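Source: prediction; values computed, not measured. Remember, it's 1-based here, ligands and their atoms both numbered in the order they're listed. The analysis underlying the following values was restricted to heavy atoms, covering all of them including side chains, and did not include hydrogens, waters or symmetry mates.
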Amino acid sequence: MNILAIETSCDETAAAVITAERRVLSSVVLSQDEVHAPYGGVVPELASRQHLRSIGYIVAESLRRASLTTADIDVFAVTQGPGLIGSLLVGLSFAKGLAYYHRKPLLGIDHLEAHMESAFMESPEIPFPALALLVSGGHTSLFHLKKRLHFRLLGRTRDDAAGEALDKIAKFLDLGYPGGPVIEQLSAGGDPERFAFALPRMKDRSLDFSFSGLKTAALRWIGETKMSGCHALLPDFLASFEASVVRALLENVARAIEKLRPASLILCGGVARNKRLRADFGELARASGLGAFIPSPQLCTDNAAMVAALAAEKMKGRKKPPLSLDLDAYPRFSLATGGPGKGRGRGASIRPSGGRGGGRSRRV
Ligand code: KG4
Ligand code: ZN
């Protein structure tokens with residue numbers, strides 16, 4: 001069985017082909033970074049237009065690299081949400097067209113669940129129960145995984161996502177987009193203790209995250225020191241900010257470990273590419289006597305292979321999944337806001353826009 005998956009939830013147009021045995025035959029990702037860089041963040045309208053331009057080519061390329069044609073595909077899968085509505089609709093409509101033409105099943109996949117799946121692609125035997133920290137440009141969430149495909153949300157960000165905070169500070173200093181990798185590069189060799197950032201504390205002792213306070217503190221430092229792209233203390237400043245974001249993330253993970261005594265730890269999402277986060281996460285796992293499972297960097301940022309892998313997992317034991325041409329995109333609702341499974345029927349997953357709700361609307 002061959003599965004073709006499409007991912008267009010934000011600013012990467014991606015397609016991948018995988019077998020039922022989870023062998024990745026191809027994975028193609030086209031980033032839109034250059035399109036959005038002049039604006040310092042993702043411009044939703046430009047993102048959907050760019051997906052429209054690229055989707056046909058990217059799907060064709062994924063098939064070419066897998067030495068297959070659409071007629072060889074048994075199941076189509078597509079990211080249903082959360083994400084930018086215009087971007088999601090491009091992928092969803094394209095996938096529906098393929099499924100309808102070939103009369104083949106179509107599976108809707110949750111983007112956050114797919115990020116978590118990326119850890120299982122390289123390490124299928126992760127011990128349960130596991131804690132998964134998902135850190136991306138649109139989400140920062142902590143999940144408790146009881147077993148395969150069964151998880152519970154423990155905490156999520158109440159304001160900015162960690163990647164969003166990094167992107168915004170980089171934008172403010174005119175350093176480039178996306179901000180996470182730029183900050184990582186420019187902070188190399190900087191002193192992470194030079195600038196003191198107070199870590200956020202939830203008054204209710206919940207496992208939620210918050211990054212707006214750190215961002216405000218960073219903006220204050222920028223004002224006070226007249227920080228700029230060519231300031232002598234820039235590496236120290238960026239190293240201190242990045243380290244404080246990492247500390248804020250790991251403090252919550254440490255508290256969750258104490259509370260839930262998991263058997264292993266998972267780190268995923270675009271920010272999981274960050275070397276400091278990967279190293280400190282590994283260190284926390286070691287100190288807690290737990291295994292740390294962190295996908296390779298190319299599997300951390302948005303890609304369709306993780307969507308295909310999750311579709312393969314969901315297909316296990318299912319004889320004939322539905323054609324599902326009435327799948328809806330859900331821009332805001334997700335595991336991160338509604339809990340696994342809740343409201344996930346056809347159409348029921350659509351939530352009115354408005355309010356932050358963990359949706360990915362990284363506007364400039
Ligand atoms: O998962 P992803 O590709 O897209 C979303 O689902 O949001 O994550 C993108 C985020 C951006 O905020 C970007 O700045 C961040 O991941 N990122 C990094 C690094 N590479 C990407 N953050 C810190 N260090 C990196 N090396
Ligand atoms: Zn993502």
Side-chain angles (χ1 to χ4, degrees), residues 5-14 27 29-33 36-37 40-42 44 47 79-84 87-88 91 109-119 132-141 156-157 160-173 175-188 190 192 211 214-215 238-239 241-246 248-249 267-281 294-307 310 331-332 334-336 358-364:
I6 294 175
E7 152 68 43
T8 60
S9 65
C10 193
D11 59 341
E12 268 90 23
T13 317
S27 177
V29 181
L30 181 64
S31 160
Q32 301 179 359
D33 284 354
H36 303 288
V42 178
T79 302
Q80 224 183 327
L84 301 171
S87 295
L88 287 165
I109 296 292
D110 185 281
H111 184 73
L112 303 192
E113 199 179 351
H115 267 303
M116 282 191 267
E117 185 66 23
S118 63
L133 175 65
L134 191 163
V135 211
S136 73
H139 294 275
T140 301
S141 309
R156 64 184 171 99
T157 183
D160 290 342
E164 191 179 3
L166 293 165
D167 292 343
K168 282 180 177 170
I169 292 305
K171 182 188 177 192
F172 198 80
L173 288 169
L175 300 177
Y177 173 83
V182 177
I183 289 181
E184 175 164 58
Q185 204 186 345
L186 295 177
S187 67
F211 293 95
L214 280 180
K215 194 185 63 190
L238 295 180
F241 182 64
E242 189 189 82
S244 65
V245 169
V246 169
L249 289 167
L267 175 66
C268 57
V271 183
R273 289 180 80 115
N274 184 269
K275 291 192 191 77
R276 190 188 305 273
L277 178 57
R278 295 173 83 91
D280 292 1
F281 189 87
I294 312 175
S296 313
Q298 74 275 11
L299 278 177
C300 289
T301 29
D302 289 350
N303 65 85
M306 65 186 188
V307 178
L310 183 54
R332 286 173 185 278
S334 157
L335 311 170
R360 302 196 316 160
S361 50
R362 279 188 282 150
R363 276 166 223 282
V364 188

Taking side chain to side chain donor-acceptor pair (under 3.5 Å) as the definition, give me every residue that meets it alongside S27, ordered by chain and number, with sequence neighbours left out.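 None.
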R278: which residues meet the side chain to side chain donor-acceptor pair (under 3.5 Å) condition with it, sequence neighbours left out?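 Residues passing side chain to side chain donor-acceptor pair (under 3.5 Å) with R278: none at all.
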State if [X] counts as touching ligand 1 under the rule of any non-hydrogen atom under 4.0 Å.
{"X": "H115", "value": "yes"}
{"X": "H111", "value": "yes"}
{"X": "C10", "value": "no"}

Check all N, O or S atoms of D302 and name the one closest to the Zn ion (ligand 2).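 This turns out to be OD1.
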Under a 4.5 Å cut-off applied to non-hydrogen side-chain atoms, are [X] and [Y] in contact?
{"X": "N303", "Y": "E12", "value": "no"}
{"X": "P82", "Y": "L112", "value": "yes"}
{"X": "F281", "Y": "V246", "value": "no"}
{"X": "V29", "Y": "D302", "value": "no"}

Enumerated ligand 1 atoms positioned under 4.0 Å from heavy atoms of [X]:
{"X": "G163", "result": "12 (O)"}
{"X": "E184", "result": "25 (C), 26 (N)"}
{"X": "T301", "result": "3 (O)"}
{"X": "G138", "result": "7 (O)"}

Test item: S296 side-chain N/O and L299 main-chain N/O as donor-acceptor pair under 3.5 Å: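 Between the backbone of L299 and the side chain of S296 there is no qualifying donor-acceptor contact (under 3.5 Å).
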Compute the angle centred on the Zn ion (ligand 2) spanning NE2 of H115 and NE2 of H111, and express it rounded to 10 degrees.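 Value returned, to the nearest 10°, is 90°.
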When rounded to the nearest 0.5 angstrom, what is the spacing between CG in L133 and CG in L277?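 These two atoms lie 6.5 Å from each other.
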State, to 0.1 Å, how close G269 and H115 come at their nearest heavy-atom pair, and which atoms those are.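 So the minimum-distance heavy-atom pair works out to CA-ND1, 3.7 Å.
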May I ask you to check if ligand 1 and [X] share an N or O to N or O distance below 3.5 Å?
{"X": "G137", "answer": "yes"}
{"X": "D302", "answer": "yes"}
{"X": "L166", "answer": "no"}
{"X": "G269", "answer": "no"}

Shortest reach to atom 24 (N) of ligand 1 by a heavy atom, considering only L112, N274, V42: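 Answer by nearest heavy atom: N274.
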